[in-house]
Protein chains: 2
Amino acid sequence: MSKSSVTPTRTKRVGTQLTPEAIIEASLRIAARGSADAFTVRRLGEELGADPTAVYRHFRDKDELLLSVADRTLGEVLDSIPPGLGWQDRLRALADASLAVALKYPVVSSAMASRTTRRANEFRVVELILGAVTEAGLDGADAAVHYRMVGDSLLAYVGQRAAYLLFDPEVRAADESSWTREYRLVDAGGFPHITRLGQQLAEVTHDQIYHARVEALITAISQRAEAVRGS
Amino acid sequence: MSKSSVTPTRTKRVGTQLTPEAIIEASLRIAARGSADAFTVRRLGEELGADPTAVYRHFRDKDELLLSVADRTLGEVLDSIPPGLGWQDRLRALADASLAVALKYPVVSSAMASRTTRRANEFRVVELILGAVTEAGLDGADAAVHYRMVGDSLLAYVGQRAAYLLFDPEVRAADESSWTREYRLVDAGGFPHITRLGQQLAEVTHDQIYHARVEALITAISQRAEAVRGS
DNA sequence: ACACTGTTGTCAACAGTGTTGTCATTACTG
DNA sequence: CAGTAATGACAACACTGTTGACAACAGTGT
């Protein structure tokens with residue numbers, strides 16, 4: 001073992017050499033499994049084949065790790081947006097991709113619904129939205145406000161969907177059947193609209209709501225652009 | 001008890017002191033203090049002057065308690081909506097009241113951003129929104145979908161604002177200054193819009209975003225109502 | 001070649017969380 | 001008044017994120 005470079009460097013602490021990248025990828029693997037409470041430091045250690053606390057050599061907190069992971073998912077979103085679209089379709093593509101990625105890594109998206117990463121890929125998303133509202137005809141404060149409207153709304157919607165996906169199946173079932181249970185039992189006199197629309201309320205799909213919310217954003221931008229064009 | 005009325009009835013435990021109502025009110029008191037991690041079972045016990053686990057005699061879990069507390073806050077929202085408004089102003093009043101209550105009990109609102117209580121006051125809110133979209137001219141599936149759009153969006157926005165309020169002041173400061181820090185350092189070539197709008201982005205207020213998001217919902221309803229009226 | 005320095009993984013431990021089971025006392029009911 | 005159900009106190013459990021001490025490594029300058 002003296003001079004021999006052949007000696008297999010007997011590392012007692014065998015480590016799967018940990019890097020920030022490896023930790024982020026392990027986090028994504030765990031997040032992709034879809035369980036609500038699986039993304040814990042200890043399970044992350046298992047996934048990495050290392051001691052859980054080793055993660056703290058590469059990230060200050062779990063929160064800092066979460067932000068890094070979230071920024072990676074933002075990269076996935078951006079990569080799946082095709083170029084060469086008009087501003088409306090670009091926003092629709094962003095919404096579609098955001099939702100898809102959010103449902104792929106629900107824990108991440110649900111935890112980020114009120115957060116901001118302030119990292120590389122977030123800048124790209126901001127730039128994308130600003131480009132869209134600019135192309136729509138907005139500028140200055142109008143562009144800034146409408147960017148926030150779009151960005152925050154998208155984040156919120158996608159986080160809601162992700163959180164819903166994280167619920168136990170039983171909770172979700174109770175929620176879906178509530179329209180045909182609790183809401184059917186309300187007093188018809190005091191709640192005429194619920195009584196009248198009970199059936200339709202039960203049949204609303206996520207896709208319909210998604211469509212309505214996304215189109216509402218686009219319409220708002222169009223309207224504002226038209227208003228400033230007229231002045 | 002007649003003869004022994006003199007004996008100071010040494011009740012080590014003073015009979016039934018805890019009621020669901022008292023627990024809910026203690027929860028609201030804690031929530032109103034605005035701290036993010038103060039709403040815990042043990043502190044609830046302190047606030048009640050009782051053993052923390054006694055709460056479980058009145059609520060199955062902390063989640064069921066949360067739902068009850070949330071429904072109470074919904075009641076506060078409804079009570080502050082004046083009658084006799086048109087559908088648009090009624091929705092605006094609902095949004096205003098929801099935001100006010102959310103900022104009053106941030107922990108509750110932030111925890112409920114993706115939840116539904118399925119309790120008494122939620123029915124009243126649903127009825128209110130359905131009444132508004134009906135008055136706007138929608139019916140059937142249109143009314144149902146647009147109710148969900150409004151309800152979910154409002155819940156999400158208000159939850160975002162509440163969550164933001166729960167952050168440590170330092171985190172919030174970092175967030176607010178990010179537009180004048182990180183975003184100012186981006187490459188002007190790769191991020192022309194961010195570079196151009198940096199100043200405006202830093203100056204966007206919560207009120208502006210709130211206004212844009214609420215009006216977007218109202219506009220979407222109007223537009224849809226006009227479309228179906230034309231057909 | 002050697003000591004030095006800083007990094008990284010391991011381990012034990014801590015404070016905190018929600019929750020459950022046990023037990024005695026209180027309140028209610030027939 | 002007796003019996004039963006409800007209720008609160010207490011101890012304990014499994015879990016969470018996180019920290020400090022220690023040992024094994026990597027790289028560097030002499």
Side-chain angles (χ1 to χ4, degrees), chain A residues 1-5 7-24 26-27 30-31 35-69 107-108 110-111 166-168 171, chain B residues 1-5 7-24 26-27 30-31 35-69 107-108 110-111 166-168 171:
Chain A
M1 54 190 60
S2 56
K3 59 190 78 176
S4 67
S5 61
T7 55
T9 62
R10 28 130 154 202
T11 54
K12 174 183 287 181
R13 84 141 184 274
V14 229
T16 347
Q17 203 68 314
L18 249 47
T19 72
E21 280 305 301
I23 296 175
I24 292 174
S27 304
I30 292 176
S35 175
D37 46 357
F39 183 37
T40 133
V41 182
R42 284 175 174 79
R43 305 215 193 199
L44 186 53
E46 280 184 27
E47 182 73 26
L48 288 163
D51 190 275
T53 63
V55 173
Y56 289 86
R57 301 292 167 192
H58 304 269
F59 296 93
R60 186 163 17 90
D61 296 310
K62 198 194 173 188
D63 194 70
E64 196 198 324
L65 169 60
L66 173 68
L67 294 186
S68 300
V69 171
V107 272
V108 178
S110 116
L166 288 178
F167 289 153
D168 314 32
V171 175
Chain B
M1 59 198 66
S2 55
K3 56 188 77 172
S4 68
S5 62
T7 58
T9 63
R10 31 146 152 182
T11 53
K12 177 179 291 180
R13 109 144 177 263
V14 242
T16 306
Q17 48 187 0
L18 256 47
T19 70
E21 280 307 301
I23 296 175
I24 291 174
S27 304
I30 292 176
S35 174
D37 46 355
F39 183 38
T40 138
V41 182
R42 284 175 175 79
R43 306 215 191 197
L44 185 54
E46 278 183 27
E47 182 75 27
L48 288 163
D51 190 273
T53 63
V55 173
Y56 289 87
R57 300 294 167 190
H58 303 269
F59 296 93
R60 186 162 20 88
D61 356 82
K62 197 193 173 190
D63 194 71
E64 196 197 323
L65 169 59
L66 174 68
L67 294 186
S68 300
V69 172
V107 274
V108 177
S110 117
L166 288 177
F167 289 151
D168 314 33
V171 175

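A, B, ... follow the sequence lines: proteins, then strands. Residue 1 opens every chain. These numbers were taken from a predicted model, which means no experiment stands behind them.
- B:Glu64 is linked by a salt bridge (Lys or Arg N to Asp or Glu O under 4.0 Å) to B:Arg60, counting only residues two or more places apart in sequence or in another chain.
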Show every donor-acceptor pair shorter than 3.5 Å between a side-chain atom in residues 48-57 of chain A and any protein atom, with sequence neighbours excluded, or say none if there are none.
{"residue": "A:Asp51", "atom": "OD1", "partner": "A:Thr53", "partner atom": "N", "Å": "2.9"}
{"residue": "A:Asp51", "atom": "OD1", "partner": "A:Thr53", "partner atom": "OG1", "Å": "2.6"}

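- Every residue two or more places apart in sequence or in another chain that forms a side-chain hydrogen bond (donor to acceptor under 3.5 Å, both in side chains) with A:Glu21 is listed here: A:Arg72.
- Separating the CZ atom of B:Phe59 from the C1' atom of C:dT20 is a distance of 19 Å, rounded to the nearest angstrom.
- Residues of residues 60-68 of chain B that place a heavy atom closer than 4.0 Å to DNA chain D do not occur.
- Remark: B:Asp168 engages no residue in a side-chain hydrogen bond (donor to acceptor under 3.5 Å, both in side chains) (not counting sequence neighbours).
- The phosphate of D:dG8 (OP1 or OP2) has a side-chain N or O of B:His58 nearer than 4.0 angstrom.
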*So what does the secondary structure string of DNA chain D come out as, 5' to 3', with Watson-Crick or wobble pairs under 3.5 angstrom, [ ] for crossing and | for pairs with another strand?*
||||||||||||||||||||||||||||||
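- For B:Asp61, the side-chain hydrogen bond (donor to acceptor under 3.5 Å, both in side chains) criterion is met by no residue, not counting sequence neighbours.
- In this structure B:Ala38 satisfies the side chain to side chain contact (heavy atoms under 4.5 Å, CB included) test together with B:Ile30, B:Ser35, sequence neighbours excluded.
- For A:Thr40, there are no side-chain hydrogen bond (donor to acceptor under 3.5 Å, both in side chains) partners, not counting sequence neighbours.
- With DNA chain D read from its 5' end, the first of the two nearest nucleotides for A:Phe39 and B:Thr53 is the one closest to B:Thr53.
- Between the CZ atom of A:Arg57 and the P atom of D:dC25 there is a distance of 16 Å, given to the nearest Å.
- Atom pair A:Asp37:CG and C:dG18:C1' shows a separation of 13 Å (rounding to whole Å applied).
- The nearest whole Å value for the distance from the CZ atom in B:Arg42 to the P atom in D:dC13 is 14 Å.
- Among the protein residues, B:Ala50 comes within range of the sugar-phosphate backbone only, with heavy atoms under 4.0 Å from sugar or phosphate atoms but none that close to a base.
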